[in-house]
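Encoded as structure tokens, the structure appears first; notes follow it.
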Amino acid sequence: MFARTLNHLGGFRLQTYEARGWKSVLKEPLEYNRMKEETLNAMWSAITKHQASFVQYLDRKAKLLGKDKLAWSDLDAPVSASTNTFSYQKGAEFIEKHFGQFGSQMAEFARHAFKNAWIEAEDRPGKRPGGFCTLFPMSEESRIFMTYSGSMSNVATLAHELGHAFHSYALRPKHMLNRNYAMNVAETASTFAEMIVADAAVKEATSKDEKIALVEDKIQRSVAFFMNIYARFIFETRFYQERKEGLVSATRLNELMEEAQKEAYGNSLSEYHPRFWASKLHFYITSVPFYNFPYTFGYLFSLSIYAKALEASENYEEKYIDLLRDTAVMSVEDLAMKHLGEDITKEEFWEKGVKLCVGDVEEFLSLTE
């Protein structure tokens with residue numbers, strides 16, 4: 001049933017693209033995200049160049065869990081005994097404090113959101129984990145729905161969703177028709193806000209176990225974007241190549257998925273998830289295909305902005321807000337050149353962000369020696 005559904009979606013797209021004279025299945029998602037194929041290729045190239053570092057992390061985690069190799073089901077298992085928790089109030093104060101060290105507007109915005117009850121965060125039976133943010137354009141307010149259970153990961157999620165809300169807040173001076181930013185830059189402000197809080201948490205850790213848990217939480221995000229998302233991209237690329245020749249069977253889809261996971265994870269796992277293609281909603285979205293690479297783009301792009309902010313000798317907040325205001329009216333290449341002075345069609349730009357993540361791996365390896 002799932003194979004039939006995926007084949008029909010893929011076949012419809014390919015027929016539509018053929019009628020439009022489009023030769024590449026990436027044309028639509030790249031145009032939707034206002035980016036060039038050279039940019040996408042440079043990003044994946046920089047990531048694969050440093051794959052070995054993240055394989056080292058996975059190997060070390062396997063040893064810590066008493067295994068030769070991790071299975072897919074082990075990827076999210078904790079390696080630290082840290083059970084440090086934050087009340088919702090404490091988490092809110094932590095976010096306000098560290099947003100404030102970056103800029104007064106972010107801190108004031110977070111304070112306003114907490115004070116005016118823009119966040120529904122109760123942890124109650126039947127409520128799923130995670131979170132999302134939505135905008136009400138007429139009132140120019142946002143609302144956040146999440147499940148807060150007291151972990152530092154929850155604090156980071158809350159900061160992430162507040163970042164999305166701040167992006168909408170920054171766009172208020174723009175005309176309504178110039179606020180519709182694409183998916184790849186949609187994660188810029190959220191990841192940036194999350195990084196502020198995640199870095200602060202590591203620096204303020206009071207025990208080795210807690211620090212290991214917090215550093216690993218950061219690395220798991222990198223593994224998700226550099227390996228899991230990359231596997232989805234490889235799978236979808238190869239699926240469309242084979243779909244042009246006819247229907248792709250469920251058995252073959254399993255093979256394509258496992259091959260993609262082995263390639264993306266550097267063949268470092270003992271077991272994979274061949275039916276991931278059937279369980280992941282993103283493959284069944286009917287608008288544009290490749291609902292995957294924009295996540296990795298947003299993650300690395302925001303890391304570059306974060307690195308610039310750390311280097312800045314003066315207040316960087318105004319420059320950051322100016323960048324957010326241009327996210328809906330410029331290509332990502334022009335956006336990066338204007339606000340960062342960087343050519344993102346080159347691998348060197350993406351390597352800077354990847355190396356920050358490699359630094360987290362090196363710290364984890366040192367802590368768990």
Starting from the C-alpha separation in whole Å, work towards a yes-or-no answer on side chain to side chain donor-acceptor pair (under 3.5 Å) for Asn254 and Thr251. CA-CA 5 Å; Asn254 289 343; Thr251 301; 5.4 Å; no

Kindly determine whether His8 and Thr5 satisfy side chain to side chain contact (heavy atoms under 4.5 Å, CB included), including the steps that lead there. CA-CA 5 Å; His8 281 308; Thr5 303; 6.0 Å; no

- Task: Check the pair Arg243, Leu14 against side chain to side chain contact (heavy atoms under 4.5 Å, CB included), reporting the backbone distance first and the verdict last.
- Result: CA-CA 8 Å; Arg243 183 64 184 86; Leu14 289 171; 3.6 Å; yes

- Task: Dump the intermediate steps for side chain to side chain donor-acceptor pair (under 3.5 Å) on Gln56 and Glu362, then the final yes or no.
- Result: CA-CA 9 Å; Gln56 273 189 291; Glu362 289 169 350; over 6 Å; no

Note to self: Walk me through whether Ser190 and Glu187 qualify under side chain to side chain donor-acceptor pair (under 3.5 Å).
What the structure shows: CA-CA 5 Å; Ser190 55; Glu187 295 300 319; 3.1 Å; yes

Glu108 vs Arg111, side chain to side chain contact (heavy atoms under 4.5 Å, CB included): CA-CA, chis, key distance, verdict: CA-CA 5 Å; Glu108 181 54 41; Arg111 196 173 300 117; 2.7 Å; yes

(request) Evaluate the criterion salt bridge (Lys or Arg N to Asp or Glu O under 4.0 Å) for residue pair Lys280 and Glu236; output intermediate values, then yes/no. (result) CA-CA 12 Å; Lys280 194 64 189 176; Glu236 202 159 3; over 6 Å; no

Walk me through whether Phe12 and Thr286 qualify under side chain to side chain contact (heavy atoms under 4.5 Å, CB included). CA-CA 10 Å; Phe12 179 83; Thr286 56; over 6 Å; no

Stepwise salt bridge (Lys or Arg N to Asp or Glu O under 4.0 Å) check, Glu194 with Lys218
CA-CA 10 Å; Glu194 189 176 347; Lys218 289 178 70 182; over 6 Å; no

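Taking each heavy atom of Ile285 and Arg13 in turn, the nearest pair found is O-NH2, 2.7 Å. When all heavy atoms of Lys23 and Lys244 are compared, the closest pair comes out as O-NZ, 3.9 Å.
Within 6.0 Å of CD on Glu18 lie no more than 12 heavy atoms contributed by other residues, nucleotides or ligands. Residue Lys127 qualifies as enclosed at atom NZ: its count of foreign heavy atoms under 6.0 Å is above 12. The 12-atom threshold is exceeded at CZ of Phe145, counting heavy atoms of other residues, nucleotides or ligands nearer than 6.0 Å. At most 12 non-hydrogen atoms from other residues, nucleotides or ligands lie less than 6.0 angstrom from CG of Asn180. The number of heavy-atom neighbours closer than 6.0 Å to CZ of Arg275, taken from other residues, nucleotides and ligands shown, is 12 or below. Counting non-hydrogen atoms of neighbouring residues, nucleotides and ligands closer than 6.0 angstrom, the NZ atom of Lys69 exceeds 12 such neighbours. Applying the 6.0 Å contact sphere to CG of Asn116 captures more than 12 heavy atoms from other residues, nucleotides or ligands. With a 6.0 Å radius and a threshold of 12 heavy atoms from other residues, nucleotides or ligands, Arg20 has its CZ atom above the threshold.
Side-chain N or O atoms of Asn315 include one that pairs as donor or acceptor with a backbone N or O of Glu317 at under 3.5 Å. A donor-acceptor pair under 3.5 Å is formed between the side chain of Lys208 and the backbone N or O of Leu367. Judged by distance alone, with hydrogens and angles left aside, the side-chain atoms of Glu120 form a donor-acceptor pair with the main-chain N or O of Glu122 at under 3.5 Å. Remark: side-chain polar atoms of Thr327 are paired, donor with acceptor, to backbone N or O of Leu324 under 3.5 angstrom. Not one N or O on the side chain of Glu333 forms a donor-acceptor pair closer than 3.5 Å with the backbone of Thr39. Distance alone, capped at 3.5 Å, is enough to place a donor-acceptor pair between the Gln220 side chain and the Leu75 backbone. Between the side chain of His164 and the main chain of Phe132, no donor-acceptor pair closer than 3.5 Å is present. Using a distance-only test at 3.5 Å, with no hydrogens or angles considered, a donor-acceptor pair links the side chain of Asn184 to the main chain of Asn33. The backbone N or O of Tyr272 lies less than 3.5 Å from no partner atom in the side chain of Glu258, so there is not a single donor-acceptor pair. For the pair Asp217 (side chain) and Ser153 (backbone), a donor-acceptor distance under 3.5 Å is absent.
To the nearest 0.5 Å, atoms CG (Leu158) and CD1 (Ile95) are separated by 3.5 Å. The distance from atom CG of Leu323 to atom NZ of Lys308, rounded to the nearest 0.5 Å, is 11.0 Å.
Side-chain contact between Ile344 and Leu335: absent, with no pair of heavy atoms (C-beta onward) separated by less than 4.5 Å. Side chains of Leu356 and Lys352 form no contact here, defined as non-hydrogen atoms less than 4.5 Å apart. Side-chain atoms of Thr237 and Ile234, non-hydrogen and from C-beta on, never get closer than 4.5 Å to each other. At least one side-chain heavy atom of Lys61 sits less than 4.5 Å from a side-chain heavy atom of Leu70. Contact check for Gln51 versus Met227: side-chain heavy atoms found under the 4.5 Å cut-off. At a threshold of 4.5 Å between non-hydrogen side-chain atoms, the residues Asp360 and Val202 do not count as touching. By the 4.5 Å heavy-atom criterion applied to side chains, Val248 and Asn7 are counted as neighbours. Under the 4.5 Å side-chain criterion, counting only non-hydrogen atoms from C-beta, Phe364 is in contact with Val79.
The aromatic ring centroids of His50 and Phe226 lie 6.0 Å or more from each other. Aromatic pair Tyr265/Trp72: ring centres closer than 6.0 Å. Centroid-to-centroid, the aromatic rings of Tyr169 and His112 stay 6.0 Å apart or farther. Taking the six-membered ring where the residue is Trp, the centroids of Phe166 and Phe192 are separated by 6.0 Å or more. The aromatic ring centres of Phe102 and Tyr320 sit less than 6.0 Å apart. The aromatic ring centroids of Trp44 and Phe297 lie 6.0 Å or more from each other.
Using the six-membered ring where Trp is involved, Phe276 and His273 have ring planes that are perpendicular, over 60° apart on the 30 and 60° scheme.
Each of Leu247 and Phe239 belongs to its own hydrophobic cluster when Ile, Leu, Val, Met, Phe, Trp and Tyr are linked at side-chain heavy-atom distances under 4.5 angstrom.
When each of Tyr240, Phe290, Phe283, Tyr230 is paired with Phe235, the ring pair (Phe, Tyr, Trp, His ring centres under 6.0 Å) condition holds for Phe283 and for no other. Shown are Tyr299, Trp350, Phe301, Phe54; of these, the ring pair (Phe, Tyr, Trp, His ring centres under 6.0 Å) with Phe225 is made only by Tyr299. If you run salt bridge (charged side-chain N to carboxylate O under 4.0 Å, His left out) between Lys211 and each of Glu363, Glu204, Glu216, only Glu363 comes through.
Both tests hold for Lys90 against Phe86: distance to the six-membered ring centre under 6.0 Å, angle to the ring axis within 45°.
The pair Glu140-Arg179 meets the salt-bridge criterion, since a charged nitrogen lies less than 4.0 angstrom from a carboxylate oxygen. A salt bridge is defined here as a Lys NZ or Arg NE, NH1 or NH2 lying under 4.0 Å from an Asp or Glu carboxylate O, and Lys262 with Glu259 fails to meet this definition.
A donor-acceptor pair shorter than 3.5 Å can be found between the side chains of Ser149 and Asn154.
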